[in-house]
There are 2 protein chains.
Amino acid sequence: MINRQTYRDHVIEYVCSLMRNGQLQPGDKVRESGLAADLGVSRAPVREAVRHLVGEGLLDYRPQVGSIVANLSPQQIIDSYVARGLLEGFAIADSGKQFSVAARQELRQLCELMETSAADGDDEALVDVGARFHRLLYGRTANQQLLENIERLSNKLHLLFYRHWANFYSPDQIRDRHHQLLELVFKGDEWAVEQGFRQHYIETGRKVAALYTTE
Amino acid sequence: MINRQTYRDHVIEYVCSLMRNGQLQPGDKVRESGLAADLGVSRAPVREAVRHLVGEGLLDYRPQVGSIVANLSPQQIIDSYVARGLLEGFAIADSGKQFSVAARQELRQLCELMETSAADGDDEALVDVGARFHRLLYGRTANQQLLENIERLSNKLHLLFYRHWANFYSPDQIRDRHHQLLELVFKGDEWAVEQGFRQHYIETGRKVAALYTTE
DNA sequence: TCCCTGGCAAATGTCGACATTCGACACTTG
DNA sequence: CAAGTGTCGAATGTCGACATTTGCCAGGGA
């Protein structure tokens, strides 16, 4: 038994799945009693799970009132993507290590895979490949503290907005944008890498934010 | 009633004060029952406080076993300072706004105040002034998401290591190091600002880490 | 002597219930 | 009719107790 699972973890996963399913949308109230009833557990582990998700930024919390699914303003959306670009760009630039030929090939193949997934309209696969692509890059950093922050932000943006970003670019654009990132990384100019990733994410952030402006 | 205080918040503050007092040191076990008994409350709010502090990175947590005060490895210490330098440097460079004459004067005065505090051996005042100095700089960012991450890291490093950094530099050095940061900021070269703050923090991080290496 | 094993104590995980607070709705009043 | 107010329901905050797991230590065997 490597990792003992506690009820709290089940609740966390359950809430995340509700967010992925769309059954929980930004602004929706999250009632502890409801979750407890759904899963047949008491409110104690539910409260811990909710508090954890609040800490992750996935839920907003008001004392004595309760929690709602985080409802980021357009500016907050952009800000989150900016922060992610900053962290991920640095993590990649700072990792320093060279990419093996095999690793380069794998990353390039992922770009192609993104294009075919996008062309097939398989958004789920596209998002998944995109996540693998980025993780392969920033995951090379030896800085665990940085990694924690990146994954927190990454997970937050993924759960809140993964639905959308597949629709902002044509299959060609998706492939090309990520190919360009790769070339920056392989070239080894750290400053260019950081700027490139910042730009990559701020563009996506602006597009996502645009969807949430005054509807 | 602006901000209703709940027991959980009291517990958080209590644990932080224990860490500041040195009654809780890195590696020490944090028993929920003990805290509950100390404060005369039940374990429920204590658990929430502990979980919050785990999320902040101040405590390490092992399921079914308990929590201990975070005991960062030398590398993790450096990594944390690197991350803070990255975030703070960007926040300052990206805020873009000009500093008023009064603001510049205040910041320069804080540098001098750091020197006098250091010369007087008043570490508490020195650390406090240092915190105000840095907050005045990074607090100008409009990016709330960034700010949250900075303050989380800042608070973590402050609580775990505020004891030490006052002793790494002479009063003159402290003043000069911060004056140099100010000149970078006032000059407005964003890239130089980012690099400067990264360097500032990585140096401190290395010195702190050195204290925790194989004693 | 060392290792394994079994049980004991203590800490965490979970539960159900009660207390407290907030938000909403209907009612009163000017 | 609008504004303020009182009450009620529901959700959160807290509590004490029980269940379960972990780490430790004593005891026995090789």
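Chain letters run A, B, ... following the sequence lines, proteins first, then strands; residues in each count from 1. The model shown is predicted, which means the values in this text are computed figures rather than measured ones.
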Fill in the blank from the handout: With sugar-phosphate taken as primed atoms, P, OP1 and OP2 and all else as base, the protein-contact string of nucleotides 8-14 of chain C at under 4.0 Å (heavy atoms; B, S, -) is ---SBBB
Problem - Partner residues of Arg20(B) under the side chain to side chain donor-acceptor pair (under 3.5 Å) criterion, sequence neighbours left out - result: Glu13(B)
Exercise for the section: Could you list all the salt bridge (Lys or Arg N to Asp or Glu O under 4.0 Å) pairs where at least one residue sits in residues 73-87 of chain A, not counting sequence neighbours? Expected result: Arg84(A)-Glu88(A)
Exercise for the section: Could I get the full list of ring-ring contact (aromatic ring centres under 6.0 Å, His included) partners for Tyr7(A), not counting sequence neighbours? Expected result: none
Practice task
Using the test ring-ring contact (aromatic ring centres under 6.0 Å, His included), find all partners of Tyr201(A) that sit at least two apart in sequence or belong to another chain.
Solution key: His134(A)
What side-chain donor-acceptor pairs closer than 3.5 Å can you find for residues 147-161 of chain B, not counting sequence neighbours?
{"from": "Asn149(B)", "atom 1": "ND2", "to": "Gln145(B)", "atom 2": "O", "distance (Å)": "2.8"}
{"from": "Glu151(B)", "atom 1": "OE2", "to": "Tyr138(B)", "atom 2": "OH", "distance (Å)": "3.4"}
{"from": "Lys156(B)", "atom 1": "NZ", "to": "Gln145(A)", "atom 2": "OE1", "distance (Å)": "2.7"}

